[in-house]
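From a predicted model like this one, the values you see are computed outputs, not experimental measurements.
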Amino acid sequence: MQPTSIDIIASTLDPVLPDLGQFSSPEGALTLLLTDIANAATMREGLGDERWSELLRDHRAILAGIVGHHDGNIVREEGDGYMVAFSSAHAALHCAIELQRTFAGRTVGDLDEPLGIRAGLHTGFVIVNADDFMGRNVVLA
């Protein structure tokens with residue numbers, strides 16, 4: 001029997017795919033929250049590497065606590081940016097609001113720069129491999 005195009009594509013994929021059940025809704029959709037620190041480049045320059053690293057450490061600890069409280073899972077982090085997956089759009093929205101309220105009005109050291117958090121949310125189906133989430137719905141988040 002001649003393989004179909006889907007068989008050929010499937011044969012190139014990693015056979016061990018992550019279980020999305022912990023991230024997705026019953027229909028398989030995910031709500032992704034992408035967040036980062038507003039004006040991060042300016043802050044990093046003003047703080048210097050050591051103080052910037054301390055800020056990122058503290059930011060991660062606070063973010064991880066809030067995300068966990070809302071049953072989210074951090075799936076990727078890079079510098080000050082995070083991708084968080086939720087099975088509930090409701091929980092993701094409440095998490096984003098709590099993150100922004102937690103950091104609102106706070107300033108960073110002697111910079112007198114507000115510590116704003118930018119957040120983007122989107123619900124949809126994503127492409128997942130062992131290392132990452134990809135696809136149109138990730139971009140839309």
Side-chain angles (χ1 to χ4, degrees), residues 2-141:
Q2 180 130 352
T4 64
S5 59
I6 195 68
D7 293 326
I8 294 168
I9 292 169
S11 70
T12 66
L13 298 175
D14 185 349
V16 181
L17 295 176
D19 176 18
L20 290 181
Q22 65 179 336
F23 300 122
S24 67
S25 69
E27 306 83 39
L30 300 174
T31 298
L32 296 178
L33 165 63
L34 275 66
T35 181
D36 67 2
I37 297 173
N39 300 319
T42 303
M43 273 190 220
R44 181 178 187 163
E45 186 177 306
L47 291 173
D49 289 339
E50 186 176 331
R51 288 180 62 207
W52 176 250
S53 293
E54 291 171 5
L55 175 72
L56 289 182
R57 184 196 64 229
D58 295 345
H59 175 253
R60 188 194 196 296
I62 293 167
L63 182 134
I66 293 171
V67 165
H69 175 75
H70 292 282
D71 296 323
N73 294 284
I74 297 172
V75 294
R76 183 185 344 157
E77 62 183 278
E78 187 173 321
D80 65 307
Y82 291 86
M83 178 189 296
V84 184
F86 295 86
S87 61
S88 162
H90 184 263
L93 180 59
H94 282 275
C95 181
I97 291 168
E98 186 175 346
L99 282 169
Q100 289 188 322
R101 285 182 176 163
T102 298
F103 290 101
R106 296 177 188 241
T107 58
V108 178
D110 54 344
L111 292 179
D112 201 33
E113 178 96 23
L115 184 58
I117 301 298
R118 300 185 305 173
L121 292 163
H122 188 71
T123 300
F125 299 95
V126 300
I127 300 166
V128 179
N129 67 25
D131 299 328
D132 207 357
F133 286 24
M134 301 172 287
R136 179 179 184 271
N137 289 312
V138 174
V139 173
L140 289 172

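Atom NE2 in H70 sits 7.5 Å away from atom CG in L99 (nearest 0.5 Å). Within the model, atoms CZ of R76 and CG of L32 stand 9.5 Å from one another, a figure rounded to the nearest 0.5 Å. Atom SG of C95 is separated from atom CG of L33 by 5.5 Å, given to the nearest 0.5 angstrom. Atom CG in D58 sits 7.5 Å away from atom CD in E54 (nearest 0.5 Å). Atom CD1 of I62 is separated from atom CZ of R106 by 6.0 Å, given to the nearest 0.5 angstrom. Rounding to the nearest 0.5 angstrom, the gap separating the NE2 atom in H59 from the CD1 atom in I117 is 3.5 Å.
Listed here is the closest heavy atom pair of W52 and I37: CH2-CD1, 4.3 Å. Closest approach of A96 and L121 over heavy atoms only: CB-CD1, 4.2 Å. In terms of heavy atoms, A89 sits closest to T123 at CB-OG1, 3.8 Å.
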### Task
Check the pair D80, L56 against side-chain contact (heavy atoms from CB on, under 4.5 Å), reporting the backbone distance first and the verdict last.
CA-CA 6 Å; D80 65 307; L56 289 182; 3.6 Å; yes
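Every ring pair (Phe, Tyr, Trp, His ring centres under 6.0 Å) that H94 has, sequence neighbours left out, goes to H90.
The side chain to side chain contact (heavy atoms under 4.5 Å, CB included) with E98 is formed by just one residue from the set L93, I66, V67; it is I66.
Looking only at distances, no side-chain donor or acceptor of E77 sits under 3.5 Å from a matching main-chain atom of Y82. Remark: the backbone N or O of R118 is paired with a side-chain donor or acceptor of T35 at under 3.5 angstrom.
Using a 4.0 Å cut-off between charged side-chain N and carboxylate O, R44 and D49 make a salt bridge.
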